[in-house]
Amino acid sequence: MPTFLLTNDDGADSPFLLPVIARLSALGRVRVVVPDAEQSWKAKAMTRYGRLKATRRPELGDEAFSVNGTPSDCVNLGVFQLFDGPPDWVLSGVNLGFNAGASFVINSGTVGGALEGALCGLPAAAFSTYVPPELFQPWATERRFEGAEAEAILASTSERTADLVERLVRRGLPAGAMLVNVNFPGAVTPQTPVRWVPLQDNRYGSLFVREGDSFVHRFNGQVRLVPGSASPSDREVVQAGEIAATALNLAGLTVHVPEGYDG
């Protein structure tokens with residue numbers, strides 16, 4: 001039975017935590033280390049100065065902590081400090097809001113937590129789901145995720161997350177991958193297909209709006225596709241109502257520079 005280390009970037013009050021823990025517990029031993037407050041858009045950030053404190057969270061299990069830090073802080077502590085040995089897998093999510101496309105994956109705290117696991121030498125996977133605006137807004141502003149559609153998203157994506165984890169444990173990561181990034185289109189069924197596709201190469205504009213004499217983060221949902229991007233991509237697959245899975249490797253961030261280039 002494998003041991004899983006589960007983190008997220010939505011915090012210890014994420015409505016996904018208990019459903020995902022319950023389903024993963026049928027597959028193996030589950031350890032939980034999550035931020036004590038939301039850490040979205042923190043990417044792979046880690047605490048360089050200041051002190052981290054791990055607090056036991058018995059409501060999340062016998063081996064569960066929250067940490068006053070980032071998802072990457074949580075994973076590093078969970079791998080090396082808080083337990084009697086490293087886990088077999090690092091899992092991050094399920095995130096409320098999908099993390100598809102290069103511009104968003106590079107900023108995602110959910111993906112950042114999985115990437116920290118990969119950098120610690122462990123197989124890792126990140127899971128996120130699209131949430132319609134009418135459900136996401138109450139979560140973002142009031143920490144409420146309620147109603148029949150919310151319950152369907154919670155139940156079905158938690159179930160499919162466990163199914164995908166079981167397959168990954170059995171088969172291992174795809175050849176050459178450091179981690180896998182999975183995005184759900186919202187509520188799914190057992191028949192919703194999984195498509196292995198590349199990241200969409202996209203860009204965004206301003207992420208902030210002025211409010212008085214300050215600025216606040218306010219992504220408007222607009223993205224610009226880079227010409228020549230692969231298609232279908234993860235973002236396109238999710239928008240078509242299917243599950244997108246992408247195998248990631250840091251080496252893929254590099255491009256070949258021809259001999260003689262002297263820029």
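In what follows, every heavy atom counts, from backbone to side chain, and hydrogens, waters and symmetry copies are set aside.
The two atoms that bring Lys44 and Gly112 nearest to each other are CD-O, 3.6 Å, heavy atoms only. Across every non-hydrogen atom of Ser92 and Ala114, the tightest pair is CB-N, 4.0 Å. Closest approach of Asn95 and Asp10 over heavy atoms only: OD1-OD2, 3.2 Å. Smallest separation of non-hydrogen atoms from Gln39 and Pro71: CB-CD, 3.7 Å. Scanning both residues, Gly78 and Phe83, for their nearest heavy atoms gives O-CD1, 3.2 Å. Among all heavy-atom pairs drawn from Phe80 and Cys120, the shortest one is CE1-SG, 3.4 Å.
Without hydrogens or angle criteria, Asn68 side chain to Arg51 main chain gives a donor-acceptor distance under 3.5 Å. Of the possible polar contacts, none joining the Asp201 side chain to the Val226 backbone as a donor-acceptor pair under 3.5 Å is found. No donor-acceptor pair under 3.5 Å is formed between the side chain of Arg29 and the backbone N or O of Ser25. Ser206 places a side-chain N or O within 3.5 Å of a backbone atom of Phe208 that can act as its donor or acceptor partner. A donor-acceptor pair under 3.5 Å is absent between the side-chain atoms of Arg218 and the main chain of Val209, judged by distance alone.
Using a 4.5 Å cut-off on side-chain heavy atoms (C-beta onward), Leu199 and Ser233 make no contact. At a threshold of 4.5 Å between non-hydrogen side-chain atoms, the residues Cys74 and Leu77 do not count as touching. Side-chain contact between Ser156 and Arg160: absent, with no pair of heavy atoms (C-beta onward) separated by less than 4.5 Å. For the pair Leu96 and Thr129, the minimum side-chain heavy-atom distance is 4.5 Å or more. Looking at heavy atoms from C-beta onward, Asn107 lies out of side-chain contact with Asn99 at the 4.5 angstrom threshold. Taking the side chain as every heavy atom from C-beta outward, Pro132 and Glu149 approach each other to under 4.5 Å. Residues Phe4 and Leu27 form a side-chain contact, since some pair of their non-hydrogen atoms from C-beta on lies under 4.5 Å apart. Counting heavy atoms from C-beta outward, Leu122 and Asp88 have side chains that stay 4.5 Å or more apart.
By the 6.0 Å contact criterion, CG on Asp213 is open, its count of non-hydrogen atoms from other residues, nucleotides or ligands being 12 or less. Annotation for Arg170: atom CZ counts as buried by contact number, over 12 foreign heavy atoms lying within 6.0 Å.
Atom-to-atom distance recorded for Arg224:CZ and Arg203:CZ is 6.5 Å, nearest 0.5 angstrom. Separation of atoms CD1 (Ile243) and OG1 (Thr192) is listed at 5.5 Å; rounding is to 0.5 Å.
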**OP:** Please step through side chain to side chain contact (heavy atoms under 4.5 Å, CB included) for the pair Gln137 and Glu142, ending with a clear verdict.
**Re:** CA-CA 8 Å; Gln137 190 62 23; Glu142 304 170 38; over 6 Å; no
Original post:
Does the side chain to side chain contact (heavy atoms under 4.5 Å, CB included) test come out yes or no for Leu119 and Leu250, once each step is laid out?
Top reply: CA-CA 10 Å; Leu119 293 174; Leu250 284 180; 3.8 Å; yes
**OP:** Test salt bridge (charged side-chain N to carboxylate O under 4.0 Å, His left out) on Arg143 and Asp13 and set out the steps.
**Re:** CA-CA 8 Å; Arg143 308 301 279 184; Asp13 62 346; 2.7 Å; yes
Original post:
Stepwise, does the side chain to side chain contact (heavy atoms under 4.5 Å, CB included) test hold for Ser103 with Asn202?
Top reply: CA-CA 6 Å; Ser103 297; Asn202 55 29; 3.1 Å; yes
**OP:** Dump the intermediate steps for side chain to side chain contact (heavy atoms under 4.5 Å, CB included) on Thr246 and Val180, then the final yes or no.
**Re:** CA-CA 6 Å; Thr246 303; Val180 166; over 6 Å; no
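Side-chain N/O atoms of Ser214 and Glu211 include no donor and acceptor closer than 3.5 Å. When only modelled atom types and interatomic distance are considered, Glu236 and Ser231 share a side-chain donor-acceptor pair under 3.5 Å. If you check the side chains of Gln200 and Asp234, you find no donor sitting under 3.5 Å from an acceptor. Between the side chains of Arg57 and Ser66, at least one donor N or O sits under 3.5 Å from an acceptor N or O. Checking Thr161 against Ser158 by side-chain atom types alone, no donor-acceptor pair falls below 3.5 Å.
For the pair Arg31 and Phe65, the cation does not sit on the ring face, since its NZ or CZ is not both under 6.0 Å from the ring centre and inside 45° of the axis.
Taking the six-membered ring for Trp, Tyr130 and Phe136 have ring centres at least 6.0 Å apart. In this structure, the ring of Phe16 has its center no less than 6.0 angstrom from the ring center of Phe127.
Between Pro87 and the options Thr3, Val75, Leu6, Val30, a side chain to side chain contact (heavy atoms under 4.5 Å, CB included) holds for only Thr3.
There is no path of hydrophobic side-chain contacts, each under 4.5 Å, that joins Leu5 to Leu91. The hydrophobic clustering, which links ILVMFWY residues whose side-chain heavy atoms are closer than 4.5 Å, places Trp139 and Phe104 apart. By the rule that hydrophobic residues join a cluster once side-chain heavy atoms approach within less than 4.5 Å of another member, Tyr204 and Leu225 end up as members of separate clusters. Under the 4.5 Å side-chain contact rule for hydrophobic residues, Val237 and Leu164 do not share a cluster. Residues Leu24 and Leu173 fall within the same hydrophobic cluster, defined by Ile, Leu, Val, Met, Phe, Trp and Tyr side chains chained together at heavy-atom separations under 4.5 Å.
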